[in-house]
A.B. asks: 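Okay, handing you the structure first.
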Amino acid sequence: MSKNTSYTFVVIDDHDSVVEGTCIVLKGEYPDAKILTASTADKVESLIAETQPNLMVMDLSIPSEPDRESHISTGLDLLTGILTTHTALNVVIQSAHVKALIRLKPLIDAHKGGFTISDKSAPSHEMLKKVDWALQGLVFTPQEMRVGLEIKREWMTMLELAFKEGLTDKLIAQKMNVSERTVRHYWTRTQDALGVYPEEGFNIRVHTHNKARQAGLLD
Amino acid sequence: MNSSLKQRQFAFLKKLLPGLSITGLVILLRLLGGLQTLEWQALDFGLRQRPAEKTDERITIVALTEEDIQTELGYPISDQALANLIQTLKTYEPRAIGIDIFRDGPVGEGYEQLETVLQAEPQNIIAINKIGGNVTVDPLPVLDESQIGFADAIVDNDGFLRRSQLGEADATGDYRFSLTIRLVEKYLGTKVDNGLKNPEAMRFGETELPHFQPNTGGYTWTDNGGNQSLINFRAGATPFAQVSYGAVMSGEVAPELLENRALLVGYTAESVKDFVSSAAIAHDGPSLVPGITIQAHAVSQILSAVYDERPFLTALPDAVEYGLIVIAGLAGWTLAKWQQKPARHLILVIGIAGGGLLLCQLALMVSWWLPLVPLGAAFLVNAIAPYPFYQAQGQLKSQIQARQTLIDQTYSAIHNGPLQEVAIVLSNLPQANGSEPSQSLALEVTEIRTRLQTVNRELRGIRETLQAEMSVIHESATATTDEKLVLMGTRTETPHAIDLHMPLPALLYEVYQTTVARYKTFFDAVVQITAFEPMDERGLSLEEKRSLGRFLEEALTNIYKYAAGTSRIKITCQQQGDHNLIQIIDNGKGLKPSKKMSVSGYGTGGYGTQRARKLARQLGGDFTLTNETSGGVRCELCWPVRKAFS
């Protein structure tokens, strides 16, 4: 992905030092990007509506207004609103409390943009990887958000059409009566469910095929 | 933004609601006037119970008694006799004389003499007229305007008099003053003036007379035409000195009773019928009181206020009154909620009510009229009506608690006894490997192992079954106010509450997520193919949605408990044409019709099956439980969409 495209990022965190650190790391990787920041929830909706950013990096534990205490519920409410209204926005969640996100799973599954979760204590290149994935429209959720392997029925249909009948995305889209874009959306969600993510030098479709077979989905 | 705080506040308000609504009814009743008569009676009773005040030394009643009429006066008193009486009284130099006798023309002999007497200096005689009602009575034409005061009385709807009319416009629109005001003017030697604090009120010097409002105290929507004031009746058996016509004319009256006083001349004779009802004065309860006595009370309260700063009868502002009523209601409700034992509750209620009553009476003794009746009503109804309900709820809760304890104890007994035993046997079973001498023995060992593992799992499942049953019972005990479906979390987690207002697919998805998380170790090895599609839930009650959530929970739990070997499940929740469908298919060992499944299984008519059948009947649909041809069980609930208006 070209890093020359001029991106607009929004960084939300209640700690100024974290915001600053995140900005420095992002600037290093995306020198042309315009980076906006917010430290309280009340500013975020209007900021996003006005600037239409490509990506939002967000901490869940934030205060609703200045001089209020930080709460995860505040971040969850805000995120729920954003996922509902800005369906194409790419989102990176920086948080240690991923379990709180389980309730948002249906929204995350339905979200059209990328959605990745990055551990706050992880090194900066991990964060940059999650930013890159989110910008590619991929999904990454940690294993502890899941119990077993949940596959939506339509993902299953897609997997069968792709790997049993060997169809292209275009033909799958025709058969399933959805857009190609939707099929790509299914792929990213299925890959997250199977724990398959882009790796330098590996073909992700082949990887997905292997994992699906291992899980017994193609029996 | 902070939704959990808002929710908590909302939940708190919701808990307060029953108390507030009972109080609201009391307030509504009061606003509609339903308590007015009771409040009047309470006021009269309270006023009667006050300790006696000393006899007023500024006022004397000169009574035309039954005896005076019978012996020498006759009725009506002639101009001659009246002139003589006034002349005699004037020799004692009173400050003012009020003649509470209607007279608009000559009666008998001596009219000219009466005219002279009325006009003589000092001109301190007041006569009465009547300006309102169907019949008006004019005063004698010789009188100066300052010598005329009206004697119209205002009586409340229950026939009792509690207010004094001070001023009012007459039929021609001229503003007139009452006998009370005119007499006070003459006594004080000053003119009545407009109030300084309240320009609508009347004022003598520093003293402002309280201006009666339509909602003053216990009154509701009362006509306060003109200028009225509540009468703070002078307490005691002899509030005023009273002398008879006969005694005055024969010179038997002590001069100090007449000298420098305001004298009120009027009939007390029963045959004349110048009486009104009052319950606030007489010591022996409600009775008829001569009009002249009422006039004396009205004049006395003003003079005592001017000279002695004796307070007028005052009510609290409406907002304060209603604030107190809400507080009394909440106090009662809190007491009911406290759930003391009945005897103690009763004592507390009586004690607090008695204390309140005493407080109101003490306030009345310093002339504050508190809303005793609505306060008492709000407190008592709140303290008594919900008490049995809260009591029953409390008992139910403790019963459930006791049952929960029993379950826990039973389970730990099972856990520490049989389960340990099973674990030991399992670990001591020889491994089925190639070194076993006999192939058939190895097979047998494997068979035993599998069976023991099943026993192990089923025994462990009992606790979950009982827990689920408990939460259903608990829910039905508290469901009246709770619009949530409560699911047990994993063992260490607190129960998970799901809002029943959310759309059915989202609700079912949360049930699915929570339930598989509860049996994480089992479902981690299971592929779950899911479809939670939109469903037409028109006409579904919250209770039915709750039951549908329970249905899915139970179906998933049963897979964990009975469907050994399951590696894949398929959950489908969607609308199909004019039906809604919840379907759960596993690929486990399938139903064994011969084997009785334990308490909650969907196998052979356990609780779970019964509940599912009942739900299906209620929804007008079908519940089916069948073996799949490929192995595994299909559990399905299908019901028709309820069309609106059909």
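Computation of the quantities below employed the complete heavy-atom set of this structure, encompassing side-chain atoms and omitting hydrogens, waters and symmetry-equivalent molecules. Below, chain A is the first sequence line, B the second, and so on; all start at residue 1.
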A.B. asks: Which bit of Thr572(B) comes within less than 4.5 Å of chain A, counting heavy atoms only: side chain, backbone, both or neither?
C.D. replies: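 Contact with chain A involves the side chain of Thr572(B) alone.
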A.B. asks: Can you tell me which portion of Tyr509(B) sits under 4.5 Å from chain A's heavy atoms? Options are side chain, backbone, both or neither.
C.D. replies: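 Side chain only.
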A.B. asks: Answer with side chain, backbone, both or neither: which region of Leu217(A) has an atom nearer than 4.5 Å to a non-hydrogen atom of chain B?
C.D. replies: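 Both parts, heavy atoms under 4.5 Å.
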A.B. asks: Measure the spacing between CZ of Arg146(A) and CD of Gln528(B) and express it to the nearest 0.5 Å.
C.D. replies: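 It comes to 11.5 Å.
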A.B. asks: Should we say atom CD of Glu69(A) is surrounded by more than 12 heavy atoms from elsewhere, each under 6.0 Å from it?
C.D. replies: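 Counting neighbours around CD of Glu69(A), 12 or fewer heavy atoms of other residues, nucleotides or ligands fall under 6.0 Å, so no.
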A.B. asks: For Glu65(A), which atoms come within 4.5 Å of any heavy atom of chain B: side chain, backbone, both, or neither?
C.D. replies: neither
A.B. asks: Spell out the residues in residues 165-173 of chain A that have some non-hydrogen atom less than 4.5 Å away from a non-hydrogen atom of chain B, in order of number; otherwise answer 'none'.
C.D. replies: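 Against chain B, none of the residues of residues 165-173 of chain A fall inside the cut-off of heavy atoms under 4.5 Å.
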A.B. asks: Should we say atom CG of Asn203(A) is surrounded by more than 12 heavy atoms from elsewhere, each under 6.0 Å from it?
C.D. replies: yes
A.B. asks: Mind checking the CE-OG1 spacing from Met156(A) to Thr530(B)? Nearest 0.5 Å is all I need.
C.D. replies: 11.5 Å
A.B. asks: For Val526(B), is it the side chain, the backbone, both, or neither that has a heavy atom closer than 4.5 Å to a heavy atom of chain A?
C.D. replies: backbone
A.B. asks: Answer yes or no: does atom NZ of Lys545(B) have more than 12 heavy-atom neighbours from other residues, nucleotides or ligands under 6.0 Å?
C.D. replies: yes
A.B. asks: For the NZ atom of Lys570(B) and the CD1 atom of Ile151(A), what is their distance to the nearest 0.5 Å?
C.D. replies: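 Reported to 0.5 Å precision, the distance equals 13.5 Å.
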A.B. asks: Nearest 0.5 Å please: distance from the CD atom of Glu533(B) over to the NZ atom of Lys152(A).
C.D. replies: 9.0 Å
A.B. asks: Counting distance only, does the side-chain N/O of Glu150(A) pair as donor-acceptor with the main-chain N or O of Gln513(B) below 3.5 Å?
C.D. replies: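 Not a single qualifying donor-acceptor pair exists.
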A.B. asks: For Phe522(B), is it the side chain, the backbone, both or neither that has a heavy atom under 4.5 Å from a heavy atom of chain A?
C.D. replies: neither
